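When a ligand or atom number is given, it counts from 1 through the structure's own listing order. Given the structure is predicted, the values throughout are model-derived calculations rather than measurements.
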Amino acid sequence: MKPKALITGAAGMLGKDMAKALEEAFEVIAMSKKRLDITDYTQVQKSFTSIAPEAVINCAAFTKVDLCEDQSQVAFDVNAKGPENLAKACKKLNIKLIHISTDYVFDGTATTPCREDHPPNPINVYGRSKLQGENYITQTCPNHLIVRTSWLFGKEGPNFIKTMLELSKTRESLQVVNDQMGRPTYTKDLSMAVLLLLKNNAQGIVHFANSGCCTWYDLCCYALKKAGRNKVNVEPISSDRFKRPAKRPKYSVLNLERFEKITGQRPRPWQEAVDSFLIEIGEYAG
Ligand SMILES: NC(=O)c1ccc[n+]([C@@H]2O[C@H](COP(=O)([O-])OP(=O)(O)OC[C@H]3O[C@@H](n4cnc5c(N)ncnc54)[C@H](OP(=O)(O)O)[C@@H]3O)[C@@H](O)[C@H]2O)c1
């Protein structure tokens, strides 16, 4: 009999791919917000007690970075209080807690890839709420794994690449910021990485993203080219020209060495991951 893994936020972009990936080694119990609201401690404790999973993988979050600025109470409830509830219940019931966090815990002033021990200093509400969630977990539940990742794209939810593909259908030109540097990450690769980390009994904080790095402009150009949308003119612009409610870090490239050391595997380059994604959604033109 396979051990049980309970996934929270299972209807989200990552949650859906995570559920599929973990089926290889676990009996997966996928719980969407409707079935389990992580901000409700009583519900969390009841579910964990009756299901008795070996591991809980938290894919639930309030991920709308700009909305977080105006809705900071919701952001802190879901991204900080939620993980605290999970950590308390996991500690009490002796369950391993795997939590997904973000490169936005960093302020973007680094000039080389950020290691797990690089001092966090978030510059927006989303990042601050996610960092508080991390801190609650490290303080409350010793048996934890926090996987920080960045710039997610996957079939199951809205994301930057899908938006650019959609816009390219109706627009002749697009303006995309070219002064934020990060590592795009395919949700399928991240889900397999979590499975691998679980198999290796990884603990603490681990960074995972696809390898290489780029700007949003680079990512847009690459994805549109590979999807055969060659007629669209993509113009690089600075963040100053694309004002948004939440500030973004200029450089949030995650260092992947700890992941490589634990698993013996190097994440594949983001370009290969984008190709696979485009194939998965039927948009790959070669
Ligand atoms: N997307 C990115 O670029 C990115 C980058 C770095 C890190 N991450 C992290 O990766 C993880 C997965 O992100 P994602 O892109 O898959 O996000 P997503 O598609 O927005 O999925 C998050 C899910 O959590 C659910 N949720 C919200 N509040 C909840 C609550 N109180 N209880 C239970 N579930 C709740 C959401 O449901 P509703 O939609 O119904 O509210 C949604 O289904 C998150 O921890 C995020 O912080 C994401």
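- Residue contacts with ligand 1, taken as heavy atom pairs separated by less than 4.0 Å, involve L14 via backbone and side-chain atoms alike.
- Below 30°, between 30° and 60°, or above 60°: for W270 and Y222 the angle between ring planes is above 60°, a perpendicular geometry.
- Among all protein heavy atoms, the one lying closest to atom 19 (O) of ligand 1 is M13 N, 2.9 Å.
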Tell me, with the steps shown, if K96 and C141 meet side-chain contact (heavy atoms from CB on, under 4.5 Å). CA-CA 8 Å; K96 177 158 188 164; C141 179; over 6 Å; no
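- Atom 48 (C) of ligand 1 has as its closest protein heavy atom L152 CD1, 3.5 Å.
- If you number the atoms of ligand 1 from 1 as listed, the ones under 4.0 Å from a heavy atom of T39 come out as 31 (N).
- Within ligand 1, the atoms closer than 4.0 Å to a non-hydrogen atom of K130 are 44 (C), 45 (O), 46 (C), 47 (O), numbered from 1 in the order shown.
- Within the structure, the closest approach of L36 to ligand 1 falls below 4.0 Å when heavy atoms are considered.
- Within ligand 1, the atoms closer than 4.0 Å to a non-hydrogen atom of T102 are 6 (C), 7 (C), numbered from 1 in the order shown.
- Look at F153 and you'll find every heavy atom at least 4.0 Å from all atoms of ligand 1.
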Assess the residue pair S239 and D179 against the criterion (side chain to side chain donor-acceptor pair (under 3.5 Å)); give the C-alpha distance rounded to whole Å, side-chain angles, the decisive distance to 0.1 Å, and a yes or no. CA-CA 7 Å; S239 310; D179 58 359; 2.5 Å; yes
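- The backbone of W151, and not its side chain, has at least one atom closer than 4.0 Å to an atom of ligand 1 (non-hydrogen atoms only; backbone = N, CA, C, O).
- Protein heavy atom at the shortest distance from atom 41 (O) of ligand 1 is K33 NZ, 2.8 Å.
- With salt bridges taken as basic N to acidic carboxylate O contacts below 4.0 Å, none links K162 and E283.
- Rounding to the nearest 0.5 Å places CG of L190 at 5.0 Å from CG of L14.
- Between D189 and R268, at least one side-chain nitrogen of the basic residue sits less than 4.0 Å from a carboxylate oxygen of the acidic one, meeting the salt-bridge criterion.
- Among the candidates W151, Y251, Y217, W216, the single residue satisfying the side chain to side chain donor-acceptor pair (under 3.5 Å) test with Q180 is W216.
- By the 4.0 Å heavy-atom criterion, S101 is counted among the residues contacting ligand 1.
- At a distance under 4.0 Å, a protein heavy atom can be found next to atom 38 (P) of ligand 1.
- Figure legend: cation-pi geometry between K155 and F277 absent, as NZ or CZ is not positioned both under 6.0 Å from the six-membered ring centre and within 45° of its axis.
- Salt bridge annotation for K2-E23: absent, with no cationic side-chain nitrogen under 4.0 angstrom from a carboxylate oxygen.
- A single hydrophobic cluster is not seen to contain both L22 and L97; linkage of ILVMFWY side chains at heavy-atom distances under 4.5 Å, directly or through other members, places them apart.
- Heavy-atom distances between A11 and ligand 1 reach below 4.0 Å in at least one pair.
- The closest approach between a heavy atom of T149 and any atom of ligand 1 is below 4.0 Å.
- K130 contributes atom NZ, which lies 9.5 Å from atom CD1 of I146 (distance to the nearest 0.5 angstrom).
- The closest heavy-atom contact to atom 34 (N) of ligand 1, among the options A60, S129, P83, G133, comes from A60.
- Ranking the protein heavy atoms by distance from atom 32 (N) of ligand 1 puts I38 N, 3.0 Å first.
- Of the protein's non-hydrogen atoms, the one nearest atom 11 (C) of ligand 1 is I100 CG2, 3.7 Å.
- Of all the listed residues (G154, G12, A61), A61 holds the heavy atom that lies closest to atom 24 (O) of ligand 1.
- Looking at atom 8 (N) of ligand 1, its nearest protein heavy atom turns out to be Y126 OH, 3.8 Å.
- The structure places SG of C213 at 6.0 Å from CZ of R183, a figure rounded to the nearest 0.5 Å.
- Neither side chain, R128 nor S72, offers a donor N or O lying under 3.5 Å from an acceptor on the other.
- Scanning all protein heavy atoms for the shortest distance to atom 31 (N) of ligand 1 gives D37 OD1, 2.8 Å.
- Closest protein heavy atom to atom 18 (P) of ligand 1: T63 OG1, 3.8 Å.
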